[in-house]
2 protein chains.
Amino acid sequence: MGRWEPDARDRLVRAALDLFSEQGYENTGVAQIAERAGLTKSTYFRHFRDKREVLFGGQDELLELITEGVAGAPESAGALTAVEAALVAVAVAFTEERRANGPRRLAVIASNDELRERDALKMAGFARAMKDALRQRGVSELDADIAAELGILAFRRGYARWLETGGDFAAVARRALEEVRVAAASLERPHPSN
Amino acid sequence: MGRWEPDARDRLVRAALDLFSEQGYENTGVAQIAERAGLTKSTYFRHFRDKREVLFGGQDELLELITEGVAGAPESAGALTAVEAALVAVAVAFTEERRANGPRRLAVIASNDELRERDALKMAGFARAMKDALRQRGVSELDADIAAELGILAFRRGYARWLETGGDFAAVARRALEEVRVAAASLERPHPSN
DNA sequence: ACGGTTGATGAGACCAAGTCCCATCACTTT
DNA sequence: AAAGTGATGGGACTTGGTCTCATCAACCGT
């Protein structure tokens, strides 16, 4: 495997995040990203299928971790417990470096509709992976849908808190899921007062 | 308000859906859609902001209906009951004509990643509208998130069933939400056997 | 050491989506 | 009849994205 300057992909990611933060997503061209990374447009599109994808690397890895996490849960575990296993399994991908770039990345995504679209699709992909893996365990269609949706909600909330507080993602995500589980179980009661 | 052939927008929608169904989304150009509608590319982009949007018309209307539906629920209603009100309120937009085009529209969307992205964003927008309207009623952040997510799930399931069975969307959506509510309430128990 | 293979890159043509600006035409108003 | 308004047509232009071919660094076997 030949190589010149190593880590072309990482350089592209960093260049893109920098430029998006400095000038905004829409004012940054792919050619410009490639240039700052010491590469060309051609090479950029060899590493990422489009301009957005540079901000969403490593989703395939997460999909696999989710699937394996759900599948690897104890036989006797319920749907939400299997989802919990998925969140724990996914934690290995949430490194310190990822956390460092998290806030800037989130800010850029929030600033642009195309990027929010991509983000929504990624989340839907996670939910789909959870649902499919749950169905594989014999969970009903409806229960799988619900557990997956609640799992993604917990994932999002856990991720946000992890960016703030740091620490072990698994622990944070577990707590988030537990909160969601408790709240969901008492939801159908008419709410107290305010 | 001058007009030549009326309903330019509708003609574009019909032309797009036809062409997408016949040739596939990626093999159809905006210019081609406009041509079949007896218009030009310029005019197309005056009616829709991009190639995808022609398949997602009327979302602003739904957002308003959702917000009003949640806000208009009785003071004493819980979060999920307010969500139910939103689903009922939204039903006025689900006409017979919409139902007729539904299956083809769904098939086209399912066939392409860009379109699934847009769809995911739209759904996220609905969830966001529900959540915000719930918070306006004093529902906690967590409860609002959960209720909105379950509401969207019921919406999707209700929509799918409505396309098959027809009838009043409100009734179908209500039943879907009730199923989701019951299943969610008994979810944390380890599942029975199968 | 040498030539061939491999894999990543560069270069440039090309297409379609999307933006902009200005001219035009149908219809309305005064 | 003249002026105004709103929707449309037309075409130049930018850029995201694809495709093909050439190039160059590293590796590999003899």
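In the text below, chain A, chain B and the rest are named by the order of the sequence lines, each starting its count at 1.
The nearest whole Å value for the distance from the CD atom in A:Glu53 to the C1' atom in D:dG16 is 15 Å. Distance, A:Arg9 CZ to C:dT9 P: 11 Å, rounded to whole Å. In this structure, B:Asn27 atom CG and D:dT18 atom C1' are separated by 14 Å, rounded to whole Å.
Residues that satisfy the salt bridge (charged side-chain N to carboxylate O under 4.0 Å, His left out) test with B:Arg104, not counting sequence neighbours, are B:Asp18.
A sub-4.0 Å separation between OP1 or OP2 of C:dT9 and a side-chain N or O of A:Thr43 is absent. The side chain of B:His47 contributes an N or O atom lying less than 4.0 Å from OP1 or OP2 of D:dT8.
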*Just by protein heavy atoms under 4.0 Å, how would nucleotides 16-23 of chain C read 5' to 3' in B, S and -?*
-SBB----
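Within residues 15-23 of chain A, no residue has any heavy atom under 4.0 Å from DNA chain D. Proximity of residues 105-117 of chain A to DNA chain D (heavy atom under 4.0 angstrom from any strand atom) is not detected for any residue.
Classified by interplanar angle (parallel below 30°, tilted 30° to 60°, perpendicular above 60°), the ring pair B:Phe94/B:Phe169 is parallel. Taking the six-membered ring where the residue is Trp, A:Tyr159 and A:Phe155 present parallel rings, their angle staying beneath 30° rather than reaching 60°.
Contact check for A:Met130 versus A:Leu87: side-chain heavy atoms found under the 4.5 Å cut-off. B:Arg157 is listed as a side-chain neighbour of B:Leu153, based on a closest heavy-atom distance under 4.5 Å. Using a 4.5 Å cut-off on side-chain heavy atoms (C-beta onward), B:Phe20 and B:Ile33 make contact.
Residue pairs that meet the salt bridge (Lys or Arg N to Asp or Glu O under 4.0 Å) test with at least one member in residues 27-48 of chain A, sequence neighbours left out, are A:Glu22-A:Arg36.
Annotation: B:Arg128, atom CZ; neighbour count of heavy atoms from other residues, nucleotides and ligands within 6.0 Å does not exceed 12. Taking a 6.0 Å sphere around CD of A:Gln136, one finds it holds 12 or fewer heavy atoms contributed by other residues, nucleotides or ligands.
Direction of the helix axis in the helix from C:dA1-D:dT30 to C:dT30-D:dA1 shifts by 0° between the two five-pair termini, rounded to 10°.
Relative to the six-membered ring of A:Phe56, A:Arg105 meets both conditions, a distance below 6.0 Å and an angle of at most 45° to the axis.
Each of A:Val13, A:Val54, A:Asp10, A:Leu12 was evaluated against A:His47; a single residue qualifies, A:Leu12, per the side chain to side chain contact (heavy atoms under 4.5 Å, CB included) test.
Under a 3.5 Å cut-off, the side chain of B:Arg99 and the backbone N or O of B:Trp162 do form a donor-acceptor pair.
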_For A:Val30 and A:Phe48: C-alpha separation, side-chain torsions, deciding distance, then whether side chain to side chain contact (heavy atoms under 4.5 Å, CB included) applies._
CA-CA 11 Å; A:Val30 171; A:Phe48 303 99; over 6 Å; no
